[in-house]
There are 2 protein chains.
Amino acid sequence: MNTAGAHGAEKRGRGIDRREQILQVALQLFAQHGMAQVSTRQIARAVGISQPSLYAHFASAHEISAELCLRAFAGLSAASRKVLEAPGTARDRFYRLGRAYIDFGLAHPDMYRLAFMQEPDETVSQLVQQGKDPVMAAGQGAFDLARQALAQMLGRTEAEVELQAQSIWASVHGLTALLIARPMFPWVDRERLIEHHLAAICAPYETAAASG
Amino acid sequence: MNTAGAHGAEKRGRGIDRREQILQVALQLFAQHGMAQVSTRQIARAVGISQPSLYAHFASAHEISAELCLRAFAGLSAASRKVLEAPGTARDRFYRLGRAYIDFGLAHPDMYRLAFMQEPDETVSQLVQQGKDPVMAAGQGAFDLARQALAQMLGRTEAEVELQAQSIWASVHGLTALLIARPMFPWVDRERLIEHHLAAICAPYETAAASG
DNA sequence: TTTGCAACCTATCATAGATAGCCTATCAGG
DNA sequence: CCTGATAGGCTATCTATGATAGGTTGCAAA
């Protein structure tokens, strides 16, 4: 399973990557009950160690979530790059990028929430300002990819691209966030809504090359 | 100030509307330190009573936030109605409605967060399903107003209106929510961003009457 | 006066994340 | 084969949270 430090010994946790095990267990518990409902004691019990022992592997409860969040967003980045390198018109690639973004948010609601919906003060405080928080880095990275894609598609001045990129990001985020935060709202068919939303966002760029 | 039970006596809190006083104090503390950072003990201390005494006036800590949220959204509804009744083209009224919505969110970030960004499970659970939660009612009410405005502007089939209303709401929410959740992000000039965002949303409807 | 009750109190609970200090199995060096 | 260092773990405990239990006070109406 793990290629790291498996030297054969197993007693007392040696040989198994405890940190990795904790992350896996936490991920499963988060998916099952929702991140906010899972306590460090639950995680520790599921792992089979005491609650304070978690702090030998992580500096804080938040660090566990942050690490998982970072990994999840790495997956989004990989998927995004694949989309951007795939064949198709610039508009289609951009459309699929938006689609991948929304799908990611809906597939990892807790991670998306942590990255873009929670106030940084709740989770970290100094780290954010220092730019050292992995969650922030993950979120920023995801946006940067989208901005690059838009820049390629438009080829306009930097300032204009930044403005439009932020506006488009807001629109895509809006649907993702609302579907996550208000799943019980009487939404129209989700698939139709997403398709319409992305189409509306892409609409101004259907003939972008000609109009600009 | 209050028309309720002010009989003249003041000792032991009689004569002053404690519930109202708690709400005012809580509102100020929320504005000062952020809702998540304010505890029931802080509120009680600021009011001058013990922490358990709060429960004589509110069933839970959430009820305090919910009441304040309800009042804030009542303000949004009033402002929205004013916009809708004001003169101007349908497009302009719709634009100003979006503007009022965003401005409201930025002016009352905690209330907006409570209504649209927090997961209902965190705050209430059964209440939501029963439709009795004032926060949910407030949020729903705000959206309903916008939907009506769009219906007036478009005059299309109900299903189409619902689809477009939800998509537009998502876009407007997206910018509001991101500006609230990530104030430190390197945004372009906020005013320019909001104007551009609303313009982009309204763009398809500039010649709506002709194209439909 | 006496009764009733609303408002308030202190004491306490359960749970959260987090820290302190001790114990022990393993491993490296003599 | 012993010995010391240490990584990993433990129990006990701390502070803070929202919330409950049950007693006390003082006004007001009967």
Side-chain angles (χ1 to χ4, degrees), chain A residues 2 4-23 25-26 29-30 33-68 114 118 121-127, chain B residues 2 4-23 25-26 29-30 33-68 114 118 121-127:
Chain A
N2 56 19
H7 284 146
E10 280 188 8
K11 283 172 188 176
R12 194 119 165 233
R14 265 177 232 255
I16 50 173
D17 194 336
R18 254 299 138 77
R19 187 181 163 96
E20 199 60 31
Q21 185 192 5
I22 292 169
L23 287 171
V25 166
L29 285 176
F30 288 170
H33 308 105
M35 224 179 65
Q37 318 304 327
V38 176
S39 69
T40 54
R41 281 171 175 82
Q42 271 179 276
I43 297 173
R45 181 151 34 88
V47 170
I49 61 178
S50 71
Q51 180 256 350
S53 290
L54 290 177
Y55 292 83
H57 304 277
F58 298 91
S60 68
H62 167 256
E63 201 180 285
I64 299 177
S65 320
E67 175 72 30
L68 289 174
L114 187 58
Q118 223 137 295
D121 306 354
E122 285 178 13
T123 58
V124 274
S125 52
Q126 304 96 327
L127 286 177
Chain B
N2 56 21
H7 284 96
E10 278 187 10
K11 283 173 186 172
R12 197 119 164 235
R14 266 176 232 255
I16 50 171
D17 194 336
R18 252 305 136 73
R19 186 182 163 97
E20 199 60 30
Q21 186 193 4
I22 292 168
L23 287 171
V25 166
L29 286 175
F30 288 171
H33 310 105
M35 225 179 64
Q37 318 302 327
V38 176
S39 69
T40 54
R41 281 169 175 83
Q42 273 180 274
I43 297 173
R45 182 152 32 86
V47 169
I49 60 178
S50 72
Q51 179 255 353
S53 290
L54 290 177
Y55 292 83
H57 305 276
F58 298 91
S60 68
H62 166 258
E63 201 181 283
I64 299 177
S65 321
E67 175 72 29
L68 289 174
L114 187 57
Q118 223 137 297
D121 305 356
E122 285 178 13
T123 59
V124 273
S125 51
Q126 304 97 328
L127 286 178

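Within every chain, numbering begins at 1; the chains are lettered A, B, ... in the order of the sequence lines, protein sequences first and strands thereafter. Since we're looking at a predicted model, the values are computed, not measured.
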*Separation of atom CZ in F58(B) from atom C1' in dG18(D), rounded to whole Å*: 15 Å
*State whether T40(B) places a side-chain N or O below 4.0 Å from either non-bridging phosphate oxygen (OP1 or OP2) of dG18(D).*
yes
*Could you state the atom-to-atom distance from OH of Y55(A) to P of dC14(D) in whole Å?*
17 Å
*Give one of base, sugar-phosphate or nothing for A56(B), where a contact means two heavy atoms less than 4.0 Å apart.*
nothing
*Kindly say if S53(B) contacts the phosphate of dC8(C), meaning a side-chain N or O under 4.0 Å from OP1 or OP2.*
no
_Could you tell me how far apart Q51(A) (CD) and dC14(D) (C1') are, to the nearest whole angstrom?_
12 Å
*Side chain of R19(B), backbone of H57(B): donor and acceptor closer than 3.5 Å?*
yes
*asked:* Nearest whole Å is fine: how far is dA6(C) C1' from H57(B) NE2?
replied: 9 Å
*Would you confirm whether Q42(B), through its side chain, and S39(B), through its main-chain N or O, come within 3.5 Å as a donor-acceptor pair?*
yes
*Rounded to the nearest 0.5 Å, what separation is found between the CG atom of L29(A) and the CD1 atom of I22(A)?*
12.0 Å
*Taking CD1 from I49(A) and P from dA7(D), how many angstroms apart are they, rounded to a whole number?*
17 Å
_For a quick check of understanding: with a heavy-atom distance under 4.0 Å over all strands, which category does S39(B) fall into, base, sugar-phosphate or nothing?_
sugar-phosphate
*Could you check how far CD of E63(B) sits from P of dG18(D), rounded to whole Å?*
15 Å
*Using the closest heavy atom to pick a nucleotide of DNA chain C for each, name whichever of P52(A) or Q42(A) lands nearer the 5' end.*
Q42(A)
_d(CZ, R41(B); C1', dC9(C)) in whole Å_ = 14 Å
*dT17(D) P sits how many Å from H62(B) NE2, rounded?*
19 Å
*Is there a donor-acceptor pair closer than 3.5 Å between any side-chain N or O of E67(B) and the backbone N or O of I64(B)?*
no
